[in-house]
*Asks:* 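Below you'll find the structure I mean.
Please read all numbers here as calculations on a predicted model, not as lab measurements.
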Amino acid sequence: MDNVQLQRDALAAEIERDLANGHLDFPTFLEVPMRIQRVLERESLSLDELVPLIEIEPVLSARVVGLANSALYAVGRQPARDLYSAILRIGMSAVRSLALVVSTAQLARAEQLGAARELASGLWEHSVDVASWSYALATKMGSVNPEQAMLAGMLHDMGQFFLLAKAAEFPDLLDRTTELSDLILMWHKPVGRAVLLALGVPVDIQDAIDDREIFGGSFPLAGLADVLFIANLAADSPNPFSLDRNPSRTGLLKAATVGIDEEEFKHITTDAAVERDRVRAVLRG
């Protein structure tokens, strides 16, 4: 057995043990989202506690104020000049989304990922793309909260980010991306559920992420799981760990929407694509 196989088995054993014990050893890239969650869990939530936490992260601070002053939120309003007013304007779901955008971007640029950085970068682009589509579709549908949809889009593959960060402790495995991809595809769903639970993600968002590969088949889109389903297939940036590529995803989208008025669906998705481009530009900074 070569060293890569030994490291793969060691990582798999660690994941299995942690899941069985109900305790995940969280990597550093999730420190900021976890700290924000701990503040949000307090019954008497105060911005006086949350703002200093965000202020020590200059990139996140800039993104929060930038989003509050973007065309998504600032139309007809005075500019938000501080974090207090910015957070009040965009809401907690958007703050959590931006914390995940910044944290996962830092992971994707981490030198210790070596050959896996390309996978991490692709996963980040895909997540931002799905989050942007989710926000845009929710805005057009009116049946789902757009900020919650954006958060769900950023979270939907969080198990894969977690496993990439854990794999950084196994450098030989990082150089064999096929073996790494196989391991991530095997474990990302149970790990993702554990991460969502630890992050205190609302149950309805957890359920929608679990059901994101099942389409209800109705239009307008009835719920968050349907929004995630269409957002995943519409995204230009494919998940680097997915076996589905653009032609396949296009075929799946057409098959899933058989029976839905084609012109109405095209009109909605065309409008949503414009909104998605605006959201993606803001999230990507």
Side-chain angles (χ1 to χ4, degrees), residues 33 72 91 93-94 96-101 104 122-162 184-185 188-197 199-246 248-258 260 265 268-273 275-280 282-283:
L72 301 178
S93 290
R96 294 173 76 176
S97 295
L98 288 176
L100 291 166
V101 169
T104 51
L123 182 59
W124 186 82
E125 290 285 353
H126 172 72
S127 297
V128 170
D129 202 354
V130 172
S132 303
W133 265 111
S134 297
Y135 182 97
L137 288 167
T139 299
K140 296 301 175 184
M141 295 294 98
S143 56
V144 176
N145 180 287
E147 284 76 21
Q148 285 194 343
M150 181 166 62
L151 177 61
M154 277 309 303
L155 285 165
H156 80 287
D157 282 328
M158 190 51 58
Q160 296 181 9
F161 280 113
F162 183 97
I184 286 175
L185 287 173
H188 79 98
K189 287 187 177 181
V191 168
R193 284 193 292 270
V195 172
L196 296 183
L197 184 63
L199 285 172
V201 175
V203 173
D204 57 337
I205 295 182
Q206 292 186 45
D207 290 344
I209 290 173
D210 280 344
D211 294 339
R212 70 184 184 273
E213 295 172 357
I214 303 171
F215 182 49
S218 63
F219 192 78
L221 305 176
L224 183 53
D226 284 355
V227 168
L228 282 174
F229 180 93
I230 298 300
N232 262 289
L233 294 179
D236 292 335
S237 307
N239 184 312
F241 299 106
S242 174
L243 300 178
D244 298 326
R245 287 296 179 261
N246 286 335
S248 174
R249 290 186 299 124
T250 301
L252 285 171
L253 182 59
K254 288 183 178 179
T257 54
V258 167
I260 293 173
F265 185 75
I268 290 291
T269 52
T270 299
D271 283 354
E275 184 78 351
R276 166 266 198 169
D277 288 343
R278 292 200 301 164
V279 179
R280 187 167 66 166
V282 172
L283 293 183

*Asks:* L283 and L98: side-chain contact (heavy atoms from CB on, under 4.5 Å), yes or no, with the steps?
*Replies:* CA-CA 7 Å; L283 293 183; L98 288 176; 3.7 Å; yes

*Asks:* Side chains of D236 and R276: does their closest heavy-atom pair fall under 4.5 Å?
*Replies:*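 A side-chain contact under 4.5 Å exists here.
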
*Asks:* Between S132 and R280 (side chain of the first, backbone of the second, donor and acceptor by atom type, cut-off under 3.5 Å), is there such a pair?
*Replies:*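 Yes, because the side chain of S132 sits within donor-acceptor range (under 3.5 Å) of the backbone of R280.
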
*Asks:* From H188 NE2 over to R193 CZ, what is the distance, rounded to the nearest 0.5 angstrom?
*Replies:*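 Output value for this atom pair is 9.5 Å.
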
*Asks:* Do you know the tightest heavy-atom contact between A138 and P146?
*Replies:*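 Heavy atoms of A138 and P146 come nearest at CB-CA, 3.8 Å.
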
*Asks:* What's the shortest heavy-atom distance between V144 and G223, and which atoms?
*Replies:*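 The answer is CG2-C, 3.6 Å.
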
*Asks:* I need the K140 NZ to D271 CG distance, nearest 0.5 Å.
*Replies:*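 These two atoms lie 5.0 Å from each other.
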
*Asks:* Do the side chains of L72 and E275 get nearer than 4.5 Å, heavy atoms only?
*Replies:*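 Of all side-chain heavy-atom pairs linking L72 with E275, at least one is under 4.5 Å.
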
*Asks:* May I ask you to decide if L151's main-chain N or O and S97's side chain share a donor-acceptor pair within less than 3.5 Å?
*Replies:*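 Confirmed, S97 side chain pairs with L151 backbone.
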
*Asks:* What heavy-atom pair brings A231 and S134 nearest, and what distance separates the two atoms?
*Replies:*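 Taking every non-hydrogen atom into account, CB-OG, 3.5 Å.
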
*Asks:* Please tabulate, for the side chains in residues 204-211, all donor-acceptor contacts under 3.5 angstrom to protein atoms that are two or more places apart in sequence or on a different chain.
*Replies:*
{"unit_1": "Q206", "atom_1": "NE2", "unit_2": "V201", "atom_2": "O", "d": "2.7"}

*Asks:* Between CG of L137 and OG of S143, what distance do you get to the nearest 0.5 Å?
*Replies:*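 Separation between the atoms: 10.0 Å.
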
*Asks:* Is there a donor-acceptor pair closer than 3.5 Å between any side-chain N or O of D157 and the backbone N or O of Q160?
*Replies:*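 No.
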
*Asks:* Taking the side chain as every heavy atom from C-beta outward, state whether L199 and L155 have any pair of such atoms under 4.5 Å apart.
*Replies:*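 They are in side-chain contact.
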
*Asks:* How close do P238 and H126 get, counting heavy atoms only, and between which atoms?
*Replies:*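 Nearest pair, atom of P238 first, then H126: C-ND1, 3.6 Å.
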
*Asks:* Is any side-chain heavy atom of R96 closer than 4.5 Å to one of S93?
*Replies:*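 Not touching, per the 4.5 Å side-chain cut-off.
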
*Asks:* If every non-hydrogen atom of S127 is compared with every non-hydrogen atom of F161, which pair is closest and at what distance?
*Replies:*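 Scanning both residues completely, I find the closest heavy atoms to be OG-CE1, 3.4 Å.
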
*Asks:* Closer than 3.5 angstrom, by distance alone: can the side chain of W133 be matched with the main-chain N or O of V227 as a donor-acceptor pair?
*Replies:*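 No, because the side chain of W133 does not come within donor-acceptor range (under 3.5 Å) of the backbone of V227.
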
*Asks:* Can you tell if the side chain of D226 reaches within under 4.5 Å of the side chain of M141, non-hydrogen atoms only?
*Replies:*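 Side chain of D226 against side chain of M141, heavy atoms only: no contact under 4.5 Å found.
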
*Asks:* Which atoms form the tightest heavy-atom contact between A99 and P33, and what is the distance?
*Replies:*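 That would be O-CG, 4.1 Å.
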
